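Report on the structure given below.
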Amino acid sequence: TAACGDDHATTDDGTTPGPTPPPPPAGPALAVLTVIATPAPRGPGDVVDLTYIVRNRGQTASGPFAVDAYLCPARRPKIGDLWLGRAAEPMELAAGASAAGRIEDLVIPDDLLPGYWLTGIIVNVDHKTADTFPLNDAGSALPGFRVEREPLVISPGDSVRGEVGPYGQ
């Protein structure tokens with residue numbers, strides 16, 4: 001109970017109640033909870049599997065939706081990042097339900113620019129199911145990996161010159 005002018009309300013047992021959480025969205029609300037890359041990628045050429053957990057935080061079931069894997073700079077993945085693959089089967093979640101999935105044998109490309117890279121997923125990228133809160137539709141796996149230099153690309157017909165190091169013949 002609170003008296004007029006009191007800064008803090010208290011319950012009958014003398015504790016201060018926490019904030020009331022907002023109600024769940026009326027429709028489906030997909031959220032990526034966890035993404036794990038195994039083995040953790042070390043760089044270009046690695047092959048990884050992504051295991052993930054997705055939850056429907058909404059009050060109604062989702063329709064079927066795809067789960068896509070991406071390679072992105074050090075942030076959450078977004079459409080336009082480097083697509084790596086798609087889960088073999090779409091997911092579908094009841095209201096309040098969570099489910100795990102896995103995308104296997106994703107190859108980290110050899111021709112990445114320098115920088116720090118993360119693997120991650122985006123759910124429902126093609127918007128095949130309603131989603132009342134799409135801001136939680138992506139997640140990344142940590143740790144990522146660093147590419148230190150640009151890849152060397154030599155095409156047929158290129159002229160290549162260089163010097164032999166101290167151990168060369």
Side-chain angles (χ1 to χ4, degrees), residues 11 15-153:
T11 62
T15 61
T16 303
T20 303
L30 304 174
V32 175
L33 301 181
T34 303
V35 182
I36 299 170
T38 51
R42 294 170 306 194
D46 282 0
V47 177
V48 299
D49 298 341
L50 292 182
T51 304
Y52 49 87
I53 298 174
V54 179
R55 180 178 178 126
N56 178 1
R57 294 183 173 168
Q59 295 181 24
T60 59
S62 75
F65 58 91
V67 179
D68 291 272
Y70 289 86
L71 190 64
C72 59
R75 59 167 166 67
R76 290 171 19 133
K78 61 184 180 182
I79 297 170
D81 286 336
L82 184 60
W83 185 80
L84 297 176
R86 178 173 272 194
E89 297 292 325
M91 294 184 94
E92 195 166 349
L93 294 171
S98 298
R102 186 175 180 93
I103 307 174
E104 298 179 334
D105 300 325
L106 299 167
V107 179
I108 306 298
D110 289 325
D111 58 349
L112 295 175
L113 295 175
Y116 191 76
W117 294 90
L118 298 173
T119 52
I121 65 165
I122 302 176
V123 298
N124 198 31
V125 78
D126 46 11
H127 306 290
K128 296 234 173 166
T129 191
D131 189 354
T132 57
F133 197 70
L135 296 177
N136 292 325
D137 286 359
S140 300
L142 293 174
F145 61 93
R146 180 167 298 286
V147 174
E148 296 293 340
R149 61 178 171 78
E150 292 188 39
L152 177 64
V153 177

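In this text the structure is predicted, and so the values were computed from the model without any measurement.
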OG1 (Thr119) and CG (Asp49) are apart, to the nearest 0.5 Å, by 10.5 Å
### Query
Do Leu82 and Trp117 touch side chain to side chain, with heavy atoms closer than 4.5 Å?
no
Note to self: Using side-chain heavy atoms (C-beta onward) and a distance below 4.5 Å, is Leu30 in contact with Thr129?
What the structure shows: yes
When rounded to the nearest 0.5 Å, the distance separating OH of Tyr70 from CG of Leu106 is 12.0 Å
| Met91 and Val123: CA distance, side-chain angles, deciding distance, side-chain contact (heavy atoms from CB on, under 4.5 Å) verdict | CA-CA 9 Å; Met91 294 184 94; Val123 298; 5.6 Å; no
Correct closest heavy-atom pair for Pro109 and Leu84 would be CD-CD2, 4.1 Å
**Message:** So Leu142 and Leu118, do their side chains get closer than 4.5 Å, heavy atoms only?
**Reply:** yes
Q) With distance as the sole test, does Asp46 use its side chain to make a donor-acceptor pair with the main-chain N or O of Arg42 at under 3.5 Å? A) yes
d(Arg55 CZ, Thr34 OG1) to nearest 0.5 Å is 11.5 Å
Note: Gly43 and Phe145 closest approach over all heavy atoms is CA-CD1, 3.5 Å
Minimal heavy-atom distance between Ile122 and Ile79, with the atoms involved, is CD1-N, 3.6 Å
Distance-only donor-acceptor check, side chains Thr51 and Arg102, under 3.5 Å: yes
Checklist entry - Would you call Ile108 and Leu71 a side-chain contact if the rule is heavy atoms closer than 4.5 Å? => result yes
- request: Please examine the side chains of Arg57 and Asn136, heavy atoms only from C-beta on, and report whether any two atoms are closer than 4.5 Å.
  value: yes
### Task
Please tell me if the side chains of Leu50 and Val35 come closer than 4.5 Å, counting only heavy atoms from C-beta onward.
yes
When every non-hydrogen atom of Val125 is compared with those of Arg86, the smallest separation belongs to CG1-NH2, 3.8 Å
Heavy atoms of Phe133 and Ala29 approach each other most closely as CB-CB, 4.3 Å
Side-chain heavy-atom pair Val147, Pro44 within 4.5 angstrom cut-off: yes
In terms of heavy-atom contacts, Ala97 and Leu93 come closest through O-CD1, 4.0 Å
field: Side-chain heavy-atom pair His127, Asp137 within 4.5 angstrom cut-off
entry: no
Output for pair (Cys72 SG, Tyr116 OH), nearest 0.5 Å, gives 10.5 Å
